[in-house]
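Structure first, then comments.
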Amino acid sequence: MSEQKKTDKDILQSPKGMRDFFDDSFYAKQGFIHTAENIAEYYGFSGIETPILEHTEIFAKGVGENTDIVEKEMYSLETRGGDRLTLRPEGTAGVMRSYIEHGMGSQPQPVMYHYSGPFFRHDKPQKGRYRQLYQFGLEIIGSQKPEYDVLIIQTGYRILKETGKDIVVKINSLGDSEVRKNYLEKLIDYYKKYENEISNKDRGRLETNPLRVLDSKEPETKKVNQNAPTCVGNLNESSKQHFDTVLAGLDQAGIRYEIDHTLVRGLDYYSHTVFEFVVYDDNGNPSHALGGGGRYDGLAKTMGHNKDIPAVGLGLGIDRTIETALPETFIPEYKKTPDFYFIQLGDELSVASFPLRELLCAYNIPVRFAQGKNNLGTQLGIAESLEIPYALIFGENEAKTQSVIVRTMKTREQETVSFDNIITYCQSLKKGVE
Ligand code: AMP
């Protein structure tokens, strides 16, 4: 497709579905990531970072050729050397690639990782849906024990509870590969009977990805789905045992869940447990999903590895989570609120004020510097509008005497303090602010 001619105005806009994070949105995103990392570390996860680009086949094979992500949503490119690479649409396949590449299977199993960052899906942008989206992910690789499904859900739940919102886990089981194969046959038989009653779009999916018909949003298909056979009702003994242990674990952990027979998740690689975290609105109705995940025991082999590697993981949508949480819920610990606004009177003093700046920063006193604005009234007005409690005023006299005037904004009281005493003085004022 040829590119449409763009005007200068178009070019000065961020690409469709992509956005800037600054001020509150920047700190909310960072704050959420810090909170999530902190909780995940308590639960025993450690950090991993994989490249944003991977070989296209990692996703084409791993996520599944007939999924929306691979069919329509990948950003792919060919490098100058002729490699076909794709901007990661999700995190699991890359972490599994890393596990295989670094022979992590020889470490004590399972390995448990957390990660976060941008992901890319060429989806239709709308509220809460971006083309560059951010996720926080957890993966536990190397164990098939259902207790790890519980641990993943528990950790994700604890993180999302930090939003202060009512969170419910929707959960389903897709069983092992044998269950899934038999169930798919049953499902297709069922839909064949109602072929004329489901939507056109879903009729097409029957051929390519029949499980997707189960979680269809089309009203006519939803009606047919009410009596569709359930996967949980068709589990074999071992899959049933796996699912029962997961549910018992959630009960023990005090996590609210609901079995949702239509929950299948969009990607091909899931088996056994699949789940989503749904947030409830103020009227107590399910509103939207903040994240989800599941077990993916077959992914490694689908990606080309010589054997299956059992694993379970989740992805939390950072964009939606911070939009759902109340303002100021997530603020990173490193964010500084300046207690002092430094005003220097006269450009010629700007260099003379450097030692003072160094001194304050060295003693961890957060200061906002106003360099080169000369009018004292204007500058005090700025300090006031920023709600900074104290101003430090540095004029010619102060430069000569190596001192600075400390002004309490509210009372307008002022005191001249020498450089030698300024740290102790500021520290005592800062204590008063806290
Ligand atoms: P998924 O990887 O599709 O299972 O998505 C996990 C979570 O990521 C979802 O529950 C959403 O909160 C979030 N998410 C998925 N796609 C997008 C998107 N295009 N824009 C923003 N958030 C998204």
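Atoms within each ligand, like the ligands themselves, are counted from 1 in listed order.
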Taking [X] first and then [Y], would you say they form a salt bridge - that is, a charged N and a carboxylate O separated by under 4.0 Å?
X    : Y    : value
K240 : D244 : yes
R88  : E54  : no
E101 : R97  : yes

Could you work out, for atom 14 (N) of ligand 1, the closest of L133, V279, T92, L316 by heavy-atom distance?
L133
Counting C-beta onward and ignoring hydrogens, is there a side-chain heavy-atom pair between L187 and Y183 closer than 4.5 Å?
yes
Taking the side chain as every heavy atom from C-beta outward, state whether R256 and Y157 have any atom pair closer than 4.5 Å.
yes
Could you say whether the N/O atoms of D123 and ligand 1 ever approach to under 3.5 Å?
no
Using a 4.0 Å cutoff against the non-hydrogen atoms of [X], which atoms of ligand 1 qualify?
X    : result
G128 : 20 (N), 21 (C), 22 (N)
R121 : 1 (P), 2 (O), 3 (O), 15 (C), 16 (N)
G291 : 7 (C), 10 (O)
L290 : 10 (O), 12 (O)

Check whether N225 reaches the backbone of V213 with its side chain - one donor and one acceptor, N or O, closer than 3.5 Å.
yes
Counting non-hydrogen protein atoms only, what is the nearest one to [atom]? Give residue, atom name and distance.
atom                    : result
atom 13 (C) of ligand 1 : G317 CA, 3.5 Å
atom 19 (N) of ligand 1 : Y130 O, 2.9 Å
atom 5 (O) of ligand 1  : Q135 NE2, 3.3 Å
atom 11 (C) of ligand 1 : R320 NH1, 3.5 Å

Going by atom types only, do Y134 and Q132 share a side-chain donor-acceptor pair under 3.5 Å?
yes
Determine the interplanar angle of the H242 and H272 rings, folded into 0 to 90°, and report it as parallel if under 30°, tilted if 30 to 60°, perpendicular if over 60°.
parallel
Assign the ring pair F277 / F275 to parallel, tilted or perpendicular, where the plane angle (0 to 90°) is split at 30° and 60°.
perpendicular
Does only the side chain of [X] get under 4.0 Å from ligand 1, or the backbone, or both, or neither? Count heavy atoms.
X    : result
E276 : neither
R265 : side chain
T321 : neither

Is it true that E90 lies under 4.0 Å from ligand 1, counting heavy atoms only?
no
